Protein chains: 2
Amino acid sequence: MRTYGEYCSIAKALDVVGDRWTLLIVRELLIRGGSRYTDLRDGLPGIATNLLSDRLRELESAGLIRREEAPPPIATALFHLTETGAELAPVLDAFYRWGLRYMAEPPSGDAFRGHWFAFSIWSLQDRDPDGPPASVELRAASTPVSVDVAGGKVSMRLGPALAPDLVLSGEPRLILGMFNGFITAAEAVDLGLDISGDVDVLLRILPEVAAAT
Amino acid sequence: MRTYGEYCSIAKALDVVGDRWTLLIVRELLIRGGSRYTDLRDGLPGIATNLLSDRLRELESAGLIRREEAPPPIATALFHLTETGAELAPVLDAFYRWGLRYMAEPPSGDAFRGHWFAFSIWSLQDRDPDGPPASVELRAASTPVSVDVAGGKVSMRLGPALAPDLVLSGEPRLILGMFNGFITAAEAVDLGLDISGDVDVLLRILPEVAAAT
DNA sequence: CGGCATCCTCTTTGATACTG
DNA sequence: CAGTATCAAAGAGGATGCCG
């Protein structure tokens, strides 16, 4: 990206991460942690492969990511965020919150990946910190993700849960709407969300407005 | 901007404001409030005039700004942020904080405008809320800005102060460095900042680390 | 298969000139 | 003042080829 040539902190930030795709690459690395090239490509549907490699090189020379040649068992290099790169989290979080307003209408032909639930999940809290650990599986995309609830915290991992106490399956917007307090769990079920297992685990992590019966 | 086609809040936000110059236009409107076309052009050195008019039209149709034909005394239309547009403030603030790391090196040929101090000023606080109102003028660009300190709050206006208690003049990076606690007031003076007037007003608003003697 | 590099086309940007 | 018109240059997108 051509520099704006302005002595302004915002313009300087945009000089570094204002290019198309750049912040979405950071999103992927924040959610996934160390990632292979093909993981990134899969998490960025629509990116041209040459652009991905261009951006990775630019991000590396800007000091936002680090390329690590993995030891022999793994045949491939992993891309990691540096400290500087990871400090973009508040920027992505602000975008996430502002962009929620555009998530209401059902996606028409939009791509979806289960791990994109991450920012929603990071804003949840376990309202029963002394309760037993619990596990939830979300099935809204071809690849499920699992949510761990324990000790007041809610976290996310890629892939299916081993022994989920609760499984949610249905449209992404229903799960998202519930997690963000736009619709209640009951409304989500009416609209087609399938909930099977221990519903209390769900009520434990939903914002109060969405947990209302 | 071509849509990313992803059902992800961050991607949706970037669909709307990810284009080059767009967020800087929002910056100008956040700082200045209602602005004329030429005010915007002056606050965005380097923008091509056709791009500014393109972006303004796009932002209007996206519902982020409103064009108001001003009543007869003013001969021209004013551009305002809508509620949706103003809610981008946390995004700009996050960029502002992240971008500060690139403000340390002295600008080489970068343009500067006094009102770009706004985000720094908004993060200051008046540490003597019961003290008398005070006024500071900053002269670091061709057009000065004035800072009002009163009742625990620090605010900024465009243009010179009427009867400043204190005047700071010198390089933008010295004022910025002080306001952000990277250098002390004493160090800023050593490095060439000129302080004239009531220094106590300065110590009242600087972060504690920068106010150390 | 992972990780690019190349080639080509199309769109966006930037610089400048011009107009109501 | 507040834009529109024009045109060259840069960047994005898509297809394909290469190499360990």
Side-chain angles (χ1 to χ4, degrees), chain A residues 1-6 11 14-25 28-29 32 34-62 65-80 109-111, chain B residues 1-6 11 14-25 28-29 32 34-62 65-80 109-111:
Chain A
M1 162 165 288
R2 154 185 292 246
T3 177
Y4 286 107
E6 297 185 356
L14 290 171
D15 280 347
V16 179
V17 298
D19 264 332
R20 188 160 164 77
W21 291 109
T22 301
L23 281 176
L24 294 185
I25 293 173
E28 287 300 306
L29 290 168
R32 296 173 179 270
S35 310
R36 293 173 304 174
Y37 187 89
T38 35
D39 295 335
L40 293 175
R41 204 177 42 189
D42 177 70
L44 298 162
I47 196 171
T49 170
N50 55 349
L51 263 190
L52 178 54
S53 91
D54 284 358
R55 291 288 179 272
L56 288 172
R57 222 168 311 116
E58 291 163 7
L59 283 170
E60 191 177 8
S61 80
I65 68 175
R66 205 166 7 97
R67 177 186 312 245
E68 250 171 41
E69 301 296 333
I74 303 162
T76 176
L78 290 179
F79 297 92
H80 292 265
D110 278 359
Chain B
M1 163 166 288
R2 155 184 288 248
T3 177
Y4 285 107
E6 296 185 356
L14 290 172
D15 280 346
V16 180
V17 297
D19 265 332
R20 188 159 165 78
W21 291 108
T22 301
L23 280 176
L24 294 186
I25 293 173
E28 288 299 307
L29 290 169
R32 296 173 180 269
S35 310
R36 292 175 303 174
Y37 187 88
T38 34
D39 294 334
L40 294 174
R41 203 177 44 188
D42 177 70
L44 297 163
I47 197 172
T49 170
N50 56 348
L51 263 191
L52 177 54
S53 90
D54 284 357
R55 291 288 180 273
L56 287 172
R57 222 170 308 127
E58 291 162 8
L59 283 169
E60 191 177 7
S61 80
I65 68 176
R66 203 164 11 95
R67 179 187 310 244
E68 250 172 41
E69 300 297 333
I74 303 161
T76 176
L78 290 180
F79 296 93
H80 291 265
D110 278 359

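The structure presented is a predicted model; accordingly, all values stated were derived computationally and were not measured. Letters A, B, ... are given to chains in the order of the sequence lines, protein chains preceding strands, and every chain is numbered from 1.
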Contacts of A:Asp54 that satisfy side-chain contact (heavy atoms from CB on, under 4.5 Å) - sequence neighbours left out: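 With neighbours one apart ignored, the set is A:Leu51, A:Arg57, A:Glu58.
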
A:Ile25 CD1 to C:dC4 C1': how many Å, rounded?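 Roughly 14 Å, once rounded to whole Å.
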
Using atom CG of A:Asp54 as one end and atom P of C:dA5 as the other, report the distance to the nearest whole Å.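 The answer, rounded to whole Å, is 8 Å.
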
Would you say [N] has OP1 or OP2 under 4.0 Å from some side-chain N or O of [X]?
X       : N      : value
B:Arg55 : C:dT13 : yes
A:Arg36 : C:dC1  : no
A:Arg41 : C:dC1  : no
B:Trp21 : C:dG14 : yes
A:Thr38 : C:dC1  : no

Mutual orientation of the aromatic rings belonging to B:Phe79 and B:Tyr37 [parallel < 30°, tilted 30-60°, perpendicular > 60°]: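 Because their plane-to-plane angle lies in the 30° to 60° range, the rings of B:Phe79 and B:Tyr37 count as tilted.
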
Distance, nearest 0.5 Å, that separates CG of A:Asp19 from CE of A:Met1: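 If I round to the nearest 0.5 Å, the distance is 4.5 Å.
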
A:Arg32 side-chain N/O to A:Asp39 backbone N/O, donor-acceptor pair under 3.5 Å: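 The answer is yes, because a donor-acceptor pair under 3.5 Å joins these two groups.
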
Protein-to-nucleotide contact annotation, 5' to 3' order, nucleotides 14-20 of chain D [B base; S sugar-phosphate only; - none; under 4.0 Å, heavy atom]: B-B----

For a 4.5 angstrom cut-off between non-hydrogen side-chain atoms, does B:Leu78 reach B:Arg36?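 When only atoms from C-beta onward are counted, B:Arg36 and B:Leu78 do touch, with a gap below 4.5 Å.
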
